[in-house]
There are 2 protein chains.
Amino acid sequence: MAQKETVERILDAAEALFAERGFAETSLRTITSTAGVNLAAVNYHFGSKKALIQAVFERFLEPLVAEIDQRLGVLEQNPESINVESLLKVLSSSIYDVHGRNTNRATAFMRLLGLAYTQSQAHVRNFIADRYGEAFQRYARLLKPALPGATDQELFWHTHFALGTAIFTMSNFDALRAMAVNDTGHRGSVDFIVSNLTSFMAAGLRNASHDVAAAVGHDGT
Amino acid sequence: MAQKETVERILDAAEALFAERGFAETSLRTITSTAGVNLAAVNYHFGSKKALIQAVFERFLEPLVAEIDQRLGVLEQNPESINVESLLKVLSSSIYDVHGRNTNRATAFMRLLGLAYTQSQAHVRNFIADRYGEAFQRYARLLKPALPGATDQELFWHTHFALGTAIFTMSNFDALRAMAVNDTGHRGSVDFIVSNLTSFMAAGLRNASHDVAAAVGHDGT
DNA sequence: GTTCACCGTAAACAATCGTTTGAAACTTAC
DNA sequence: GTAAGTTTCAAACGATTGTTTACGGTGAAC
């Protein structure tokens, strides 16, 4: 029971603590103490703190990307069913299916994804880009014909706008829900929020290109 | 020349370094050394690192919020001119006018705004909420009639979706631009990106409500 | 010329960080 | 039961962190 238990306990604790406070703000000592293992165990099993961070991402991204990839394969067999909404649905459904009803885990991971972008940790971005860049490119290839009329530049920025919308919302999910119940009296079901989020992203992707053309010259310097 | 020079040199260096690496990742020693002042000067003039962080935000939020507030006052005198686009334009124009053509400062400023949300620094969020919460509420009051047909719940979530889009883009501005030049060959001018961002947010705000109604029951549990 | 308040400086402070060490405890295999 | 290999452990390492101290310098007030 030795290794596997220790390694997974470290990963569980690290995942939760990183999501809660960030990478630099979480020390190995708080990780190992909440995991109930010795301090040296992290460097023994993972080698370094950076490697631990990457392992946390790897554990989560591996099954998720596999699920997305498989669903994209299914979608490609019915090309006429490919559109913005169905492509977005692939993502939300994959997250939901891979990590099931464990909403805490899913939101914790989304916060991690957001932190990977925001915290300067370049090695995390490089790791993700190296490891899963191919999957992202496949997704982008399918999205492009679903948004006819958009230039490559527009496609890039609009997809990252949509990505940002999702990451921000998920990474602050609990805080936003608390504010929502305070402001509106309704907490909002997960389905309700995800549906609204998907609609927002789809509307932005679909309509931004048409609206922006008149407002600015496409210099792109 | 003593005090003013030192204080502003510290603020300049801190602003640039915080934007570049984040708060926890920037030590007082690197701040004071790039500012060319003594290490103890930070604690002497500001009291602590937290107070320095707040001072950095205060220095650039103060004129910005004042500019936004003034523009909202102008807008309110022509109520028929109030719509989603004009309200979003108030924000982008204010940033542009306050920090002028100094693109570096503006993007650094954007990253700081994003970091304020993302980095767990609770004291920053509390400071901003206490200081500038009133201005945010005024903006929200003007936005509501600009989005007729949306329920309070939808209004809340969609505005926070838009907020997330902007914050994510801002806080990763340089990284996204680097990816853009890699993927598309174009870096994208600030005007181009801001225009696309505004269009994306406006499209999302306008159209999300209509699209979502059919897709999910408005349970909001 | 002395006082006084303010500012800059070098040095040290205590705390915390990630990492390493060397030996004990354990598991596995023969 | 012994040897080999793996995992755990307490302790320490060197480096870096934010903060404080004690002292030197400056310039205006009177």
Side-chain angles (χ1 to χ4, degrees), chain A residues 1-59 112 115-116 119-124 126-127, chain B residues 1-59 112 115-116 119-124 126-127:
Chain A
M1 71 140 82
Q3 181 185 355
K4 200 185 168 198
E5 273 248 329
T6 299
V7 168
E8 293 214 336
R9 289 238 295 274
I10 292 175
L11 285 174
D12 288 341
E15 183 178 293
L17 288 170
F18 284 152
E20 191 183 325
R21 327 180 179 184
F23 303 115
E25 295 85 351
T26 304
S27 70
L28 293 184
R29 281 169 177 81
T30 69
I31 292 175
T32 53
S33 72
T34 73
V37 303
N38 188 272
L39 166 63
V42 169
N43 283 279
Y44 175 76
H45 287 289
F46 297 95
S48 69
K49 186 181 180 180
K50 285 187 177 181
L52 169 62
I53 295 175
Q54 294 180 4
V56 168
F57 276 96
E58 186 174 16
R59 183 175 69 153
L112 282 181
L115 291 181
Q119 312 246 123
S120 52
Q121 305 274 356
H123 70 99
V124 175
N126 294 338
F127 171 78
Chain B
M1 71 140 80
Q3 178 185 357
K4 199 183 170 199
E5 275 248 331
T6 299
V7 167
E8 293 213 335
R9 290 238 294 275
I10 293 175
L11 285 174
D12 288 342
E15 183 178 290
L17 289 170
F18 284 154
E20 188 183 328
R21 325 180 180 185
F23 304 114
E25 295 83 354
T26 304
S27 70
L28 292 185
R29 279 171 179 80
T30 69
I31 292 174
T32 52
S33 73
T34 73
V37 303
N38 188 271
L39 166 63
V42 170
N43 283 279
Y44 176 77
H45 287 288
F46 297 95
S48 69
K49 185 181 181 180
K50 284 188 178 182
L52 170 62
I53 295 175
Q54 295 179 3
V56 168
F57 277 98
E58 187 175 13
R59 185 174 66 151
L112 279 180
L115 292 180
Q119 309 249 123
S120 50
Q121 305 273 359
H123 69 99
V124 175
N126 293 338
F127 171 77

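Chain A is the first sequence line, chain B the second, and so forth, proteins listed ahead of strands; every chain is numbered from 1.
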Taken in chain and number order and not counting sequence neighbours, the residues that satisfy side chain to side chain contact (heavy atoms under 4.5 Å, CB included) with B/Q54 are B/H123, B/F127
In whole angstroms, the gap separating C1' of C/dG18 from CZ of A/F46 amounts to 15 Å
In short, A/R59 meets A/E8 closest at the heavy-atom pair NH1-O, 4.2 Å
Could you pull out the protein-nucleic contacts involving nucleotides 9-11 of chain D (nitrogen or oxygen on both sides, under 3.5 Å)?
none

For B/R29, the salt bridge (charged side-chain N to carboxylate O under 4.0 Å, His left out) test, sequence neighbours excluded, returns none
What one should report as the nearest heavy-atom pair of B/E25 and B/R21 is OE1-O, 3.1 Å
Tightest non-hydrogen contact, residues B/K49 and B/F18, listed as CE-CE2, 4.4 Å
Between N or O atoms, less than 3.5 Å apart, protein on one side and nucleotides 15-17 of chain C on the other: list the pairs.
residue	atom	partner	partner atom	Å
C/dC17	OP1	A/S27	OG	3.4

Interatomic distance, CD@A/E15 vs CG@A/L52, rounded to 0.5 Å, equals 10.5 Å
Discussion item. Does D/dT8 have its OP1 or OP2 closer than 4.0 Å to a side-chain nitrogen or oxygen of A/H45?
Written reply: yes
Between CD of A/E5 and C1' of D/dT6 the distance, given in whole Å, is 16 Å
- prompt: So, is B/T6 near the phosphate of C/dG8, with a side-chain N or O under 4.0 Å from OP1 or OP2?
  reply: yes
Heavy-atom closest pair (A/F46 atom, A/A51 atom, distance to 0.1 Å) is O-CB, 3.2 Å
note: B/Y44, atom OH; C/dC7, atom P; distance rounded to Å ~ 4 Å
Rounded to whole Å, CD1 of A/I10 lies from P of D/dT7 at a distance of 12 Å
In whole angstroms, the gap separating C1' of D/dT19 from CG of B/N43 amounts to 5 Å
Please tabulate, for the side chains in residues 34-44 of chain A, all donor-acceptor contacts under 3.5 angstrom to protein atoms that are two or more places apart in sequence or on a different chain.
residue	atom	partner	partner atom	Å
A/T34	OG1	A/T30	O	3.3
A/T34	OG1	A/I31	O	3.2
A/N38	OD1	A/A40	N	2.9

